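First up is the structure itself, then whatever we jot down about it.
All values reported here derive from a predicted model rather than from experimental measurement.
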Amino acid sequence: MKHLFLTVFFFCSLSMLGQEQLDTIKPRKSLRVSDEKKHVAPINQYKIISLEKDTTYVDTSLTIKKEYALNYLRKDIFGLMPFANEGQTYNTLDYGLTSYNAYPEFGFKAKHFAYMRAEDIKYYSMPTPMTELYYKSVMEQGQNLDAFLSLNTSKNFNMSVGYKGLRSLGKYVNQLSSTGNFRFITSYHTTDNRYNLKMHFAVQDILNHENGGVKNLSDFENSIPPYDDRARLDVYFSDDTKSSLEGKRIFIDHSFRLNKDNPNSLVFLHQLNYEYKFFNYAQPTANERFGSAYSSSVNNKTRFNSIYNKIGVAYSNQLFGDFQFYLEEYKYNYFYNNTVLNSDGTIAVPNAQNDKIDSYGAQYSYYKGKWKGTLLLSNSITDQSLAKVDGTVRYTLDEKNIFSFRFQTMNKLPDLNYNLYQSGYIAYNWKNNFKNEKIKNFEFEAKTKWFDAAAKYTILDDHLYFVNNSQNETQILVTPTQYNNTINYFSARIGREFKVGKFGLDNTFLYQKVEQSDRILNVPELVARNTLYFNDYYFSKALYLQMGVTLNYFSKYYANDYHPLLGEFYIQEKKQIGNFPLLDFFINAKIRQTRIYLKAEHFNSSFTGYNFYSDTNNPYHDFMIRFGLVWNFFS
């Protein structure tokens, strides 16, 4: 397999170098578009626009940041610990990555890392059609593909369509991952910009076969034949146990300006988000790992649908800033097809939880010179006691030096799977009425020409979590619990890239500290990533080559364990993981708009000790060579 990847890499390079004309690899101000008049479309016209109207453009460069983002999630995963197979969940090392939503969410968060939320969808404006193809090889028998096409039928109207698919068998028994993500995206604005529309439709499914982890960890840690072949290791579930998360969403965000000639005119806003999800856990043979079951097989299906409506009016004034007032309505239905009864026929666990939450809010934004500030206030009208304050201030000294501060306080309604859950396993049935979580969050970030730094301080009250209550070493009996004391979390992150000639050294360090009476919020104190690399041009600058070594490390801590039945992580205090290096060697190349990636992942696995884990029962993967490709077409 190693020689196959090298051969593919070599021939791809030759075939691209054989073209009649090669563009320089340096960042270019424009892309040549072949037509009769030889028009030139500037690269900054290929726009990528977020829901909050932050705009970037298509970037075909090859940087160390692009190397970090060549993965299943298509983003930098510093602070996340992957599991052994592509498409599985991630253990969260950096608690600062946690985002908060005051509304009650579906839950099953361990299954949502690859699930694209409405705010994750980007919108596009393209002077000519743009296509992006992503490919990366997987662990065993499969591939990861992501194809995306975006075009404007006119200057005002864009259509985009994308599909990401993954299949990977994995190295361990019953570890197959299979996911699909389809999205159709469109945006439109009138020539006078009075009316603006953003809309998308998304269908997503995430399927994982669940083996419950390795039974005899000593077999893995010794790794003597035959257990160096990971398919020989005994796992808890080998009977086609699987979990799946599926969702469909339609999202519309549009606005209309009342008067086109007056910049201070009123703007009417409307946003609609309808979503249906379900989480299913299917096990052909009930296993004592999760205690006694009602029947010989288990098939749990939790369903959820929600509709969110927001209507508002905004007023923009060049002197005083932007004012926005709005009303929100959030309706949800979280349900099962069964009801759990007590022995006397009374209801022990109902089959549904639903509600309607109405709230009002106001937002003020101020822009003046180098300052930008936003303050949002929201509160419920109905009885659910939902409240949120969110304020940000940003100061831009110049293009290379930007400083920002954010403050959040939130009265958050519990996620729905904390309050209601049904299962074929007897111990996994509950109906609770937890209090709201109270969250205060302070963030500071500095992006300078010398370094990037960020600090975060979070205060958590009435924090909800899952915990294992079993005293039996072979059983896991997890329930949701609310912590009555206060948790104080602090983190500081700093990053700096040094460049000397053709060499570069990129460093990122994260320090975390938690103050709490009990071990509830568990994180490693230190997380680090260091990359030493070399880069240069070849063949009259037609080929840009980048090669280097990356070290990932986190200190020992009581990591949370993954629970496949719940699709969640739960706390444990029996075993620490961490304090092992993960070394990757990579060779990347760029030819025109094509980036080619070849990586020897975790090449130190056989000589630094078999103590590398993603959680206490799931080892990280061994050494393997993987090939990747990202290719942009402009036509």
Exercise for review: In sequence, state the C-alpha distance, the side-chain angles, and the governing distance for Asp461 and Lys440, and then conclude on salt bridge (Lys or Arg N to Asp or Glu O under 4.0 Å).
Suggested key: CA-CA 9 Å; Asp461 286 298; Lys440 290 184 177 67; 5.4 Å; no
Point to revise | Identified ring pair (Phe, Tyr, Trp, His ring centres under 6.0 Å) counterpart of Tyr425 within the set Phe290, Tyr294, Tyr281, Trp430 | key: Phe290
Review point. Any side-chain donor-acceptor pair under 3.5 Å between Asn441 and Glu443?
Key: yes
**Study point:** Salt bridge flag under 4.0 Å for residues Lys356 and Glu329
**Key:** yes
Check your understanding: Do we see a donor-acceptor contact under 3.5 Å between the side chains of Thr382 and Tyr330?
Key -> no
Check your understanding: Under the salt bridge (charged side-chain N to carboxylate O under 4.0 Å, His left out) rule, what pairs show up with a residue in residues 268-283, not counting sequence neighbours?
Key -> Arg249-Glu275
**Study point:** Exercise: do Tyr115 and Asp120 side chains pair donor with acceptor under 3.5 Å
**Key:** no
Review point. Does the side chain of Asn338 come under 3.5 Å of the side chain of Gln422 through a donor N or O and an acceptor N or O?
Key: no
Point to revise | Whether over 12 other heavy atoms sit under 6.0 Å from Lys75 NZ | key: no
Exercise for review: Describe, in one word, how the ring planes of Tyr195 and Phe256 are oriented to each other, choosing from parallel (under 30°), tilted (30 to 60°) and perpendicular (over 60°).
Suggested key: tilted
Check your understanding: Hey, are Lys198 and Asp253 close enough for a salt bridge, meaning a charged N less than 4.0 Å from a carboxylate O?
Key -> no
**Study point:** Considering all heavy atoms, the nearest Gln482-Asn436 contact
**Key:** NE2-O, 4.2 Å
Point to revise | Centroid-centroid distance, Phe108 to Phe279, less than 6.0 Å | key: yes
Review point. Is it true that atom NZ of Lys438 has more than 12 heavy atoms of other residues, nucleotides or ligands lying nearer than 6.0 Å?
Key: yes
Review point. Should we say atom CG of Asn342 is surrounded by more than 12 heavy atoms from elsewhere, each under 6.0 Å from it?
Key: yes
Revision key, fill the gap. Nearest heavy-atom contact between Leu386 and Ala102 is CD1-O, 3.5 Å
Practice item. Just say parallel, tilted or perpendicular for the rings of Phe323 and Tyr364, cut-offs at 30° and 60°. Key: tilted
Practice item. Give a yes or no on whether the ring-centroid distance for Phe201 and Phe184 is below 6.0 angstrom. Key: no
Review point. Considering all heavy atoms of both residues, which atom of Ser365 and which atom of Gln363 are nearest to each other, and what is their separation?
Key: OG-NE2, 3.7 Å
Exercise for review: Step through it carefully: locate the ring centre of Phe569, locate the ring centre of Tyr562, and say whether they are under 6.0 Å apart.
Suggested key: yes
Review point. Do Gln512 and Ser491 pass the side-chain hydrogen bond (donor to acceptor under 3.5 Å, both in side chains) test, and can you show the C-alpha distance, the side-chain angles, and the key distance before you say yes or no?
Key: CA-CA 4 Å; Gln512 300 178 103; Ser491 70; 5.6 Å; no
Point to revise | Any donor-acceptor N or O pair under 3.5 Å, side chains Ser50, Glu52 | key: no
Exercise for review: In plain terms, say whether Arg74 and Glu132 are close enough for a salt bridge, that is, a side-chain N and a carboxylate O under 4.0 Å apart.
Suggested key: yes
Point to revise | Contact check, side chains of Ser359 and Asn379, non-hydrogen atoms, under 4.5 Å | key: no
Check your understanding: Which value, rounded to the nearest 0.5 Å, describes the distance between Asn208 atom CG and Ser178 atom OG?
Key -> 9.0 Å
Practice item. Identify which one of Tyr57, Phe148, Tyr46 satisfies the ring pair (Phe, Tyr, Trp, His ring centres under 6.0 Å) criterion when paired with Tyr124. Key: Phe148
Exercise for review: Kindly indicate whether the side chain of Ser378, heavy atoms from C-beta on, has any atom under 4.5 Å from the side chain of Tyr360.
Suggested key: no
Practice item. Go through Asn429 and Ser423 one step at a time and tell me if the side-chain hydrogen bond (donor to acceptor under 3.5 Å, both in side chains) criterion holds. Key: CA-CA 6 Å; Asn429 290 272; Ser423 172; 5.4 Å; no
Check your understanding: Do the side chains of Val298 and Asn300 get nearer than 4.5 Å, heavy atoms only?
Key -> yes
Check your understanding: Charged N to carboxylate O under 4.0 angstrom, Asp146 versus Lys136?
Key -> no
Review point. Can the ring centroids of Phe466 and Tyr418 be said to lie less than 6.0 angstrom from one another?
Key: yes
Check your understanding: Below 4.0 angstrom, N of the basic side chain to O of the carboxylate: do Lys310 and Asp358 qualify?
Key -> no
Check your understanding: Ring centres of Tyr123 and Tyr188 under 6.0 Å apart?
Key -> no
Study note, to complete from the structure: Correct closest heavy-atom pair for Leu197 and His254 would be CD1-CB, 3.8 Å
Check your understanding: Between Tyr489 and His463, is the gap from one ring center to the other below 6.0 Å?
Key -> no
Study note, to complete from the structure: CZ (Arg493) and CD (Glu445) are apart, to the nearest 0.5 Å, by 6.5 Å
Check your understanding: Between Asp239 and Gln283, is any pair of side-chain heavy atoms under 4.5 Å apart?
Key -> yes
Review point. Strictly by modelled atom types, are Tyr326 and His270 linked by a side-chain donor-acceptor pair under 3.5 Å?
Key: no
Review point. Do Asn158 and Ser125 pass the side-chain hydrogen bond (donor to acceptor under 3.5 Å, both in side chains) test, and can you show the C-alpha distance, the side-chain angles, and the key distance before you say yes or no?
Key: CA-CA 6 Å; Asn158 174 272; Ser125 178; over 6 Å; no
Review point. Would Asp518 and Tyr483 count as a side-chain hydrogen bond (donor to acceptor under 3.5 Å, both in side chains) if you check the C-alpha gap in whole Å, the side-chain angles of each, and the deciding distance to 0.1 Å?
Key: CA-CA 9 Å; Asp518 307 279; Tyr483 190 54; 2.9 Å; yes
Review point. According to the interplanar angle, ranging from 0 to 90°, do the rings of Tyr90 and Phe113 count as parallel (below 30°), tilted (30 to 60°) or perpendicular (above 60°)?
Key: tilted
**Study point:** Residues His209 and Asn174: side-chain donor-acceptor under 3.5 angstrom
**Key:** yes
Exercise for review: Could you tell me which non-hydrogen atom of Pro82 sits nearest to which non-hydrogen atom of Ser614, and how far apart they are?
Suggested key: O-OG, 2.6 Å
Point to revise | Closest approach of Ser255 to Val267 (non-hydrogen atoms, all atoms of both residues) | key: CB-CG1, 3.9 Å
Practice item. Indicate whether any N or O donor in one side chain lies under 3.5 Å from an N or O acceptor in the other, for Ser160 and Ser150. Key: yes
Check your understanding: Do Thr346 and Asp344 have side-chain N/O donor and acceptor atoms under 3.5 Å apart?
Key -> yes
Review point. Ser243 and Glu210: side-chain donor and acceptor closer than 3.5 Å?
Key: yes
Review point. Is the charged tip of Arg303 near the ring of Tyr276: under 6.0 Å from the six-membered ring centre and within 45° of its axis?
Key: no
Point to revise | Pi-cation contact, Tyr72 with Lys164 (under 6.0 Å, within 45°) | key: yes
